[in-house]
S.K.: 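Just passing along the structure, written as structure tokens.
Every chain is numbered from 1, with letters handed out A, B, ... down the list of sequences.
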Amino acid sequence: MDYDPGIIEEKWQRRWAQEGLDKAKDDFSSPKAYILEMFPYPSGDIHMGHVRNYVLGDVIARYHRFKGYNVLHPMGWDAFGLPAENAAIKRGIHPARWTWSNIENMRKQLKRLGISYDWDRELATCDPTYYKWTEWFFLLLYKRGLAYRGRAKVNWCPTCKTVTANEEVIDGKCWRCHQPVEERYLEQWFFKITDYAERLLNDLDRLPGWPEHVKTMQRNWIGKSVGAEIIFKIKEIDKDVKIFTTRPDTLFGATFFAVSPDSSLINEMKSSPLFRREEVESFISYVKSATDENERFGVFTGLHAINPVNGEEIPILVANYVLQEYGTGAIMGVPAHDQRDFDFAKKYGLPVKTVILPPGRPPEEELESAYEGEGVLVNSLMFNGLYNEIAKVKIVEYLEKKGLAEPKINYRLKDWLISRQRYWGSPIPIVYCDNCGVVPVPEEDLPVLLPEDADFAPGSISPLAKSEEFVNTTCPKCGGPAKRETDTMATFICSSWYYLRYTDPHNSKMPFGKDAVKYWMPVDRYIGGVEHAVLHLLYSRFFTKVLYDAGYVDFEEPFTNLFTQGMVLKDGVAMSKSLGNIVEPSPIIEKYSADTLRLFILFASPPEKELEWSDEGVDGMWRFLNRIWRLFNELIPYVNNGDDALDSGIERELIRWRHISVKRVTEDIIERFHLNTAISTLMEWSNFLGDNIDAVKKVKGVILRDTLETFLVLLSPFTPHIAEELWEMLGHKESIFREKWPEYDPNLMKQFEYELVVQVNGKLRDKIRTDERDMEKLKYAVLELPKVKRFLQGKEIKNIITVPEKLINIVTD
RNA sequence: GCCGAAGUGGCGGAAUAGGCAGACGCGCUUGACUCAAAAUCAAGUGGGGCUUUGACUCCAUGCCGGUUCAACUCCGGCCUUCGGCACCA
């Protein structure tokens with residue numbers, strides 16, 4: 001009988017669903033494992049990246065079920081977002097219809113892969129029963145003072161016709177459409193994630209199960225810098241201006257003062273007759289149109305700032321490299337100890353004043369570049385001779401007493417802009433009333449439903465604003481006429497809490513039940529792409545911390561272990577429509593089988609690395625599965641051999657292979673997550689069986705049965721269908737997935753005879769097979785080996801190194 | 001520029017605690033089966049040397065050096081590639 005996966009896979013997928021094998025049990029007393037993969041955006045089809053992500057998760061989930069855990073392994077849809085609207089505009093289909101039909105299709109594709117999800121817990125963020133609670137979260141943040149409306153410089157994507165968060169702008173381009181974004185000043189809704197900057201940073205240290213590079217990326221993004229704010233007086237007008245610096249120790253070296261072209265100080269300086277209005281204004285308009293962003297430009301304003309520590313007057317410049325949105329939008333320029341200031345000073349002929357000297361450098365030496373390292377203070381009056389790290393503190397303390405400075409920590413992280421001027425998202429449950437102002441929609445009135453008949457063609461205003469029926473409402477407070485907020489929420493809000501919803505997906509009273517969350521959370525294994533290292537993963541951590549503070553959960557981090565898989569490549573580059581190098585999963589499944597595709601994806605590369613697609617590699621996996629099929633068909637009749645069957649060395653070998661393989665596969669799955677080597681172990685094992693098939697047929701039935709059954713259990717997380725079919729052919733009525741994961745016994749892994757490596761001066765000279773385990777005896781025996789003798793000729797033995805049951809190294813002079 | 005990861009056959013990759021470098025798979029070569037092909041099976045496959053073709057020998061894990069009886073593995077320095085951040089004061 002030939003391996004016919006079309007029939008087998010359909011048969012078992014149906015039966016597993018009937019039996020409910022993959023359902024998580026709401027029995028909160030047993031040990032649990034929450035295995036989660038990042039849910040997909042329902043774009044239409046599952047692609048290879050999804051396959052990799054979900055097959056990896058499936059192996060882990062199935063393994064944990066074998067180990068007796070109550071496993072939660074759910075799937076859902078990150079279903080709000082722009083592509084639905086764009087498709088709607090292009091093809092005249094309603095975003096909801098487009099989305100739901102994509103979900104339908106992709107669910108089918110995932111089921112065809114045999115991924116063991118608990119489909120009863122499926123969710124979609126665009127479903128009102130879900131986004132009701134997304135709105136609830138908005139209100140929670142609003143109540144806690146973490147959601148506010150503010151005017152700020154924001155990123156506007158002209159292609160997507162909406163604003164985006166800083167996290168969504170990569171190299172000045174929109175994360176979704178890769179087009180350049182524009183700056184706009186707009187009033188928008190923000191989440192105050194900066195309130196959590198310190199905790200988001202510190203708690204990374206409590207996540208040993210996260211990859212270091214992801215934590216580093218988050219640390220960089222949060223961008224903490226410790227320093228001080230120092231007040232400079234403007235000489236010509238009566239005005240104090242704060243600057244932020246991480247180097248207060250270099251304060252005496254400040255030779256100029258600079259503000260950003262967007263600084264409000266520029267306006268205020270106009271009151272002075274000395275202000276060089278024309279130069280400054282033409283400079284600003286020049287800088288705004290300048291294309292070379294890396295070139296530093298500046299212009300003297302005509303005014304001066306007074307250094308608070310020594311009363312020195314230094315010129316105030318407007319400089320394009322001073323950022324308005326970081327620190328205070330003003331800096332002190334210390335050319336001697338900051339490379340940017342140094343380059344700028346050289347360009348405009350500003351003085352360079354050394355105030356920190358590394359040991360051994362004469363103070364009069366002219367600098368070739370800024371010295372940014374440690375040293376001792378000079379030219380700094382009463383602080384001279386202090387080590388700079390100490391001076392940092394002393395100078396701030398000195399000025400603090402005079403009310404001219406205070407220690408300050410700045411973060412690069414900015415508040416999270418969450419408004420989107422688009423239709424297909426969760427409404428923001430806010431009402432504007434002429435009498436009462438901004439009024440949150442009461443919880444009992446949730447959800448604020450998206451109007452179905454909205455004109456969602458994007459324009460300069462949100463599509464919801466064009467729906468009279470939606471906009472016009474009554475004020476929940478005074479009952480008077482009021483207007484609804486017409487922006488929708490960023491979709492990253494929907495995905496910031498979905499992992500909580502899976503624990504209790506049908507709860508109509510709350511976003512999740514306390515007991516369910518307490519039992520299932522945190523997620524034990526979270527698997528997904530590294531592209532969410534900052535975005536989704538930072539936002540989710542933020543949400544969890546807010547919930548913790550509000551008393552809804554008793555943990556502060558949602559994902560205990562995080563795994564970021566590598567990308568799937570074709571011809572060395574990521575698969576993409578524009579390159580036309582996409583390999584679709586479905587035709588591969590049709591041509592071979594789901595098991596073949598699963599096996600290839602797992603075998604071709606370790607999970608964290610990039611995976612290069614190979615048609616020949618898929619062929620190889622297909623051949624392997626066929627070999628397994630034939631091997632089992634040939635051997636299964638012999639599992640009924642009696643106990644009087646031939647007892648030969650092969651039995652010992654079979655037992656040894658079994659225990660070694662169990663150990664290797666188990667450790668590869670759970671400790672190293674190297675599924676490629678787990679599979680190669682199974683290949684080696686099956687090669688051994690195939691190479692010795694005539695002898696294997698003659699062993700005792702119990703031993704053969706144990707060999708075949710153990711093999712199938714180890715194989716089943718990777719290729720569940722073929723394993724289940726062969727399991728049934730071995731006479732089992734119960735599913736293989738109700739089995740226990742096999743144990744191994746190190747004593748049974750030992751070879752009676754083993755191979756001893758013999759080296760002379762660290763070079764391999766011979767190998768001998770022996771059952772002798774006493775290394776002292778072997779030490780002298782190997783000296784008599786002819787090959788060893790040859791290399792010892794005329795040399796004196798200085799030492800003999802032995803590694804038990806492994807190696808002997810003879811060292812000569 | 002700063003931070004992080006990685007460099008091993010023709011290719012994907014293995015070597016888990018410093019102990020046989022190249023497991024497993026792909027590809028390739030040869031053979032068997034076949035009218036033929038496919039499929040399958042068998043053998044071989046890092047590079048070089050040979051006036052002993054061998055149970056031979058030398059070289060080889062990005063480069064240079066070090067530690068060690070022994071280094072893909074540890075240490076120091078460099079090179080390259082990829083990823084992240086980037087006028088963040």
S.K.: Within the pair Asn687(A) and G25(B), is there a side-chain N or O less than 4.0 Å away from OP1 or OP2?
M.R.: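 Yes.
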
S.K.: If you look at every strand shown and take non-hydrogen atoms under 4.0 Å, does Lys767(A) touch a base, only sugar-phosphate, or nothing?
M.R.: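 If one applies the 4.0 Å heavy-atom cut-off, Lys767(A) turns out to touch a base.
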
S.K.: C69(B) base to Asn809(A) side chain: any donor-acceptor pair below 3.5 Å?
M.R.: yes

S.K.: Taking the same atom, P, in C78(B) and in C72(B), what whole-Å distance lies between them?
M.R.: 22 Å

S.K.: Under a 4.0 Å N-O cut-off, is there an ion pair linking Arg219(A) with Glu212(A)?
M.R.: yes

S.K.: Taking the basic N atoms (NZ, or NE/NH1/NH2) and the acidic carboxylate oxygens, is any pair closer than 4.0 Å for Glu634(A) and Lys697(A)?
M.R.: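 A salt bridge links Glu634(A) with Lys697(A).
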
S.K.: Go through C69(B), G25(B), A89(B) for me and flag the one nearest to the Met621(A) side chain.
M.R.: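 Of all the options, the side chain of Met621(A) is nearest to G25(B).
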
S.K.: Can you identify which nucleotide, out of G19(B), G84(B), C26(B), has its nearest atom closest to the Met217(A) side chain?
M.R.: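 Of all the options, the side chain of Met217(A) is nearest to G84(B).
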
S.K.: Counting only side-chain N and O atoms of Arg627(A), is one of them less than 4.0 Å from OP1 or OP2 of A39(B)?
M.R.: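 Indeed not, no polar side-chain atom of Arg627(A) lies that close.
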
S.K.: Within 45 degrees of the axis of the six-membered ring of Phe344(A) and under 6.0 Å from its centre: does Arg296(A) put its NZ or CZ there?
M.R.: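 Relative to the ring axis of Phe344(A), which defines the angle, Arg296(A) lies outside at least one limit.
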
S.K.: Could you identify the nucleotide paired to U73(B), looking across every strand shown and requiring Watson-Crick or G-U wobble geometry with both distances under 3.5 Å?
M.R.: none

S.K.: With rounding to the closest Å, how many angstrom separate the P atoms on A43(B) and U57(B)?
M.R.: 26 Å

S.K.: Let's see if you can work this out: which of C20(B), C26(B), A89(B) has an atom nearest to the side-chain heavy atoms of Glu755(A)?
M.R.: C20(B)

S.K.: So what does Val534(A) touch, heavy atoms closer than 4.0 Å: a base, only the sugar-phosphate, or nothing?
M.R.: nothing

S.K.: When you measure from the side-chain N and O atoms of Arg765(A) to the phosphate of A55(B), is any distance below 4.0 Å, counting only OP1 and OP2?
M.R.: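 No, Arg765(A) has no side-chain N/O under 4.0 Å of OP1/OP2 on A55(B).
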
S.K.: What about Phe603(A) and Phe624(A), are their ring centers closer than 6.0 Å?
M.R.: no

S.K.: Side chains of Asp415(A) and Thr194(A): donor-acceptor distance under 3.5 Å anywhere?
M.R.: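 Short answer, yes.
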
S.K.: When we call it a touch if two heavy atoms are under 4.0 Å apart, what does Asp341(A) touch: a base, just sugar-phosphate, or nothing?
M.R.: nothing

S.K.: Using purine N1 to pyrimidine N3 plus N6-O4 or O6-N4 for Watson-Crick, or N1-O2 and O6-N3 for G-U wobble, each under 3.5 Å, what pairs with A14(B)?
M.R.: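 With both distances under 3.5 Å required, A14(B) matches none.
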
S.K.: Searching all strands shown, indicate the nucleotide that pairs with C2(B) (Watson-Crick or G-U wobble; both distances under 3.5 Å).
M.R.: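 By the stated definition (distances under 3.5 Å), G84(B) pairs with C2(B).
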
S.K.: Nearest to the Phe791(A) side chain among C20(B), C26(B), C58(B), which nucleotide is it?
M.R.: C58(B)

S.K.: Is there a Watson-Crick or G-U wobble partner for A23(B) with both distances under 3.5 Å, and which nucleotide is it?
M.R.: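 Across any shown strand, A23(B) pairs with none.
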
S.K.: So which protein nitrogen or oxygen atoms get under 3.5 Å of nucleotides 12-16 of chain B's nitrogens or oxygens?
M.R.:
unit_1, atom_1, unit_2, atom_2, d
G12(B), O2', Ala604(A), O, 2.4
G13(B), O3', Asn676(A), ND2, 3.4
A14(B), OP1, Asn676(A), ND2, 3.2
A15(B), OP1, Arg672(A), NH1, 2.9
A15(B), OP1, Arg672(A), NH2, 2.6
U16(B), O4', Arg672(A), NH1, 3.4

S.K.: What nucleotide, of U40(B), U57(B), G25(B), holds the atom closest to the side chain of Met683(A)?
M.R.: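 Nearest listed nucleotide: G25(B).
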
S.K.: Paired with U51(B): which nucleotide, if any, by Watson-Crick or G-U wobble criteria at under 3.5 Å for both distances?
M.R.: none

S.K.: May I ask you to verify if any side-chain N or O of Lys242(A) is less than 4.0 angstrom from the OP1 or OP2 atom of A89(B)?
M.R.: no

S.K.: Which base sits across from G46(B) as a Watson-Crick or G-U pair, both distances under 3.5 Å?
M.R.: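 Pairing partner, where one exists within any strand: C59(B).
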
S.K.: Around Lys347(A), counting heavy atoms of other residues, nucleotides and ligands shown, do more than 12 lie under 6.0 Å from its NZ?
M.R.: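 Yes.
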
S.K.: Applying the Watson-Crick and G-U wobble criteria at under 3.5 Å, what pairs with U67(B)? Answer none if nothing qualifies.
M.R.: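 Result: none.
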
S.K.: For G31(B), give its Watson-Crick or G-U wobble partner with both distances under 3.5 Å, or none.
M.R.: C41(B)

